[in-house]
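Just so you know, these numbers come straight off a predicted model, no measurement behind them.
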Amino acid sequence: MGSTLSLAATYCCCTSMGSLCNSCLGSTAEGTTGRKRAVLLLVAAISVALFFQYSVGPGIVQESGWVWKTYRAIPGSGKLVFNAWKSGCEQYEGDALSQCAGNAGVMRPMFVTFLFFIFQGISSYVQPSLNREAWPAKYAIFFFAVLICMFIPNSPLFTGFFLWTARIGAAIFVVLQQVILIDVAYNWNDDWVEKSNQADRITFGSGGGWLQAVVGSCVFLYATTIVGISLLYSFFTGCPENTWVITLTLLGILAMTGIQLSGQDGSLLTSSVMSLYAVYLCLSIVSKNPNSTCNPQLGKNDVWDTVIGLVLTAISLAWTGWSWSAEHRLTVDNVQNTKSMSPAGENPDSINLDVPFLDPDDQPARGLVMSQGGTSSGGGTNLWKLNAVMCLISCWVAMTLTGWGTLGDQGEAANPTMGRVNMAILGVSQWLAISLYIW
């Protein structure tokens, strides 16, 4: 009897968990993409990266903490893990050594995630159904690969090859993130305007509150932008390169807003979002300057930069996993097509006087109807775009958590050359994003 009840309880638990996963992450039935499960895997990778950065990496090189004690207790593994995590960081001591090992810890799960989505992109291009199938096995392979990476030396794979790969991928994602933020802002604006129109149809004039909310959001975002620029001028000037970066950012914001106001179509809310994004990129650029006279954040953990970067990551992941516009842009499985519909033989411009008082729900179909389009030739092959976005997000997260690979030591840059390289990469990405938006 006890075993029967145990089996019944196990079955109920497994069934409930499966139902909960399908409710939250969508089913794996034909016509789905598996993008929500991909987002969940990347969220798990970010959690592992944070754990490696602030606990595992520093603990191993300082020979402290329960992770280090666990590996040391396994014969032959303690020395292997210690040498692997100190590889490429031998020239540093103290906090710089811990920071170097922590950054290398971030690179491990992000590198595995990067490879995972590359292989998944290739497989989904060949066989689209593989993108939504076998996720339990994929999760198991992912975590096993992360475990193996614990024994691989930092250099040259993580702090060399993947560091530069992540820099390039993150720079590309800066531009892609602009597309995501524009899409989110347009959807935000359209949603509130539509709610205003719906309220006006019920009671004329009652929708003004939604339009005021749109204007209020624009004012708040622009006010935050102005405050951000003022703080950058207050704390990050003192050397010409920082002053030029901040001034050019301000000019770019003025150009974006002026062109938006002078155009026929557009959304001032979108321009305000892009303006604030430009200020964030400006902060990222000047905070990488290895000159301590104009960079008060040098040698410190740039908490605000990391927090804002993770918030942008969350927005990008939410857009990738749950936005309909992302579904439309990244896949072709659920592309919707429009077609005109009207009652057979009826002139669209005529009025049917035979049925003047039909309930609107019973009227003959007319107007634009959305129909689900099947896959075209090579249908489903656009799923590689979803995996490409996830690869770039992996690179972005790696750079956000590690300060683009820069190290600080007692208020000085431990690797000043990398700081200037990162400033150049971010500067080019910022102005490419601004130019594309203006264009």
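To the nearest 0.5 Å, the span separating CG on Leu157 from CG on Leu163 amounts to 11.0 Å. Atoms CG and CZ, from Leu42 and Phe117 in turn, are 5.5 Å apart once rounded to the nearest 0.5 Å. The CG atom of Leu269 sits 12.0 Å away from the CD1 atom of Ile182 when rounded to the nearest 0.5 Å. In this structure, the separation between CG on Asn189 and CG on Leu268 is 9.0 Å, given to the nearest 0.5 Å. Distance CD/Glu90 to SG/Cys100: 8.5 Å, rounded to 0.5 Å. With rounding to the nearest 0.5 angstrom, the NZ atom of Lys138 is 9.0 Å from the CD1 atom of Ile141.
Gln430 places no side-chain N or O within donor-acceptor distance of the main-chain N or O of Val428, the cut-off being under 3.5 Å. The backbone N or O of Ile74 lies less than 3.5 Å from a partner atom in the side chain of Ser77, making a donor-acceptor pair. In terms of modelled atom types and a separation under 3.5 Å, the side chain of Ser262 and the main chain of Ile259 share a donor-acceptor contact. Proximity of a side-chain donor or acceptor of Asn422 to a complementary backbone N or O of Trp404 within less than 3.5 Å is detected. No donor-acceptor pair closer than 3.5 Å links the side chain of Ser55 to the backbone N or O of Phe52. A donor-acceptor pair is defined here as one N or O able to donate and one able to accept, closer than 3.5 Å; such a pair exists between the side chain of Asn83 and the backbone of Lys79. Of the possible donor and acceptor atoms, none in the side chain of Ser64 sits under 3.5 Å from a partner among the backbone N and O of Ile60. Checking side-chain atoms of Arg108 against main-chain N and O of Cys149 turns up a donor-acceptor pair under 3.5 Å. For the pair Asp183 (side chain) and Val179 (backbone), a donor-acceptor distance under 3.5 Å is absent. Side-chain N or O atoms of Asn103 include none that pairs as donor or acceptor with a backbone N or O of Gly405 at under 3.5 Å.
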Between Tyr233 and Thr243, is the side-chain hydrogen bond (donor to acceptor under 3.5 Å, both in side chains) condition met? List the steps.
CA-CA 7 Å; Tyr233 272 120; Thr243 304; over 6 Å; no
Might you work through the side-chain contact (heavy atoms from CB on, under 4.5 Å) test for Leu248 and Trp431, ending with a clear yes or no?
CA-CA 9 Å; Leu248 288 175; Trp431 270 97; 3.8 Å; yes
Would Ile438 and Ile434 satisfy side-chain contact (heavy atoms from CB on, under 4.5 Å), going step by step from the backbone distance to the final call?
CA-CA 6 Å; Ile438 293 175; Ile434 292 175; 3.8 Å; yes
Is there a side-chain contact (heavy atoms from CB on, under 4.5 Å) between Phe116 and Ser394 once you walk through the steps?
CA-CA 10 Å; Phe116 175 88; Ser394 302; over 6 Å; no
Could you walk me through whether Gln177 and Tyr277 satisfy the side-chain hydrogen bond (donor to acceptor under 3.5 Å, both in side chains) test, starting with their C-alpha distance in whole Å, then the side-chain angles of each, then the deciding distance to 0.1 Å, before giving a yes or no?
CA-CA 9 Å; Gln177 199 166 53; Tyr277 182 52; 3.0 Å; yes
Derivation and outcome, side-chain contact (heavy atoms from CB on, under 4.5 Å), residues Met390 and Leu41:
CA-CA 10 Å; Met390 300 303 283; Leu41 185 140; over 6 Å; no
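Residues Tyr139 and Arg37 form a side-chain contact, since some pair of their non-hydrogen atoms from C-beta on lies under 4.5 Å apart. Within the 4.5 Å cutoff, the side chain of Asn131 has heavy atoms near those of the Asn387 side chain. Side-chain contact between Met423 and Asn289 is present, with heavy atoms from C-beta onward closer than 4.5 Å. When side chains are defined from C-beta on, Ile425 does not count as touching Val174, because their heavy atoms never get closer than 4.5 Å. In this structure, Met107 and Thr159 have side chains that are not in contact, with every pair of non-hydrogen atoms separated by 4.5 Å or more. Within the 4.5 Å cutoff, the side chain of Val56 has heavy atoms near those of the Trp85 side chain. The side-chain heavy atoms of Phe114 and Met110, taken from C-beta on, include no pair separated by under 4.5 Å. At least one side-chain heavy atom of Leu97 sits less than 4.5 Å from a side-chain heavy atom of Gln62.
If you check the side chains of Tyr437 and Thr270, you find no donor sitting under 3.5 Å from an acceptor. In this model, a donor atom of one side chain and an acceptor atom of the other lie less than 3.5 Å apart for Tyr222 and Thr257.
Gly121 approaches Trp384 most closely through the heavy-atom pair O-CB, 4.0 Å. The heavy-atom pair separating Trp68 from Gly59 by the smallest distance is CB-O, 3.9 Å. For the residue pair Val112 and Phe142, the shortest heavy atom distance occurs at CG1-CD1, 3.5 Å.
In this structure, the side chain to side chain contact (heavy atoms under 4.5 Å, CB included) partners of Leu50, at least two apart in sequence or on a different chain, are Ile46, Gln53, Tyr54, Leu401. Take Cys391 and apply the disulfide bond (SG atoms under 2.5 Å apart) test, not counting sequence neighbours, and it matches no residue. Looking at residues two or more places apart in sequence or on another chain, you find a ring pair (Phe, Tyr, Trp, His ring centres under 6.0 Å) between Phe158 and Phe111. Taking Ser87 as the reference, nothing meets the side chain to side chain donor-acceptor pair (under 3.5 Å) condition, with sequence neighbours excluded. Contacts of Cys294 classified as disulfide bond (SG atoms under 2.5 Å apart), with partners at least two apart in sequence or in another chain: Cys239. For Cys395, the disulfide bond (SG atoms under 2.5 Å apart) test picks out no residue, with sequence neighbours left out.
Around the CZ atom of Phe119, the shell of radius 6.0 Å holds no more than 12 heavy atoms that belong to other residues, nucleotides or ligands. Residue Phe161 qualifies as open at atom CZ: its count of foreign heavy atoms under 6.0 Å is 12 or below.
Under the 30°/60° scheme for interplanar angles, the aromatic rings of Tyr280 and Trp396 are found to stand perpendicular.
Ring to ring, Tyr71 and Trp66 are not that close: their centroids are 6.0 angstrom or more apart.
A salt bridge between Arg420 and Glu241 is present, with a side-chain N of the basic residue lying under 4.0 Å from a carboxylate O of the acidic one.
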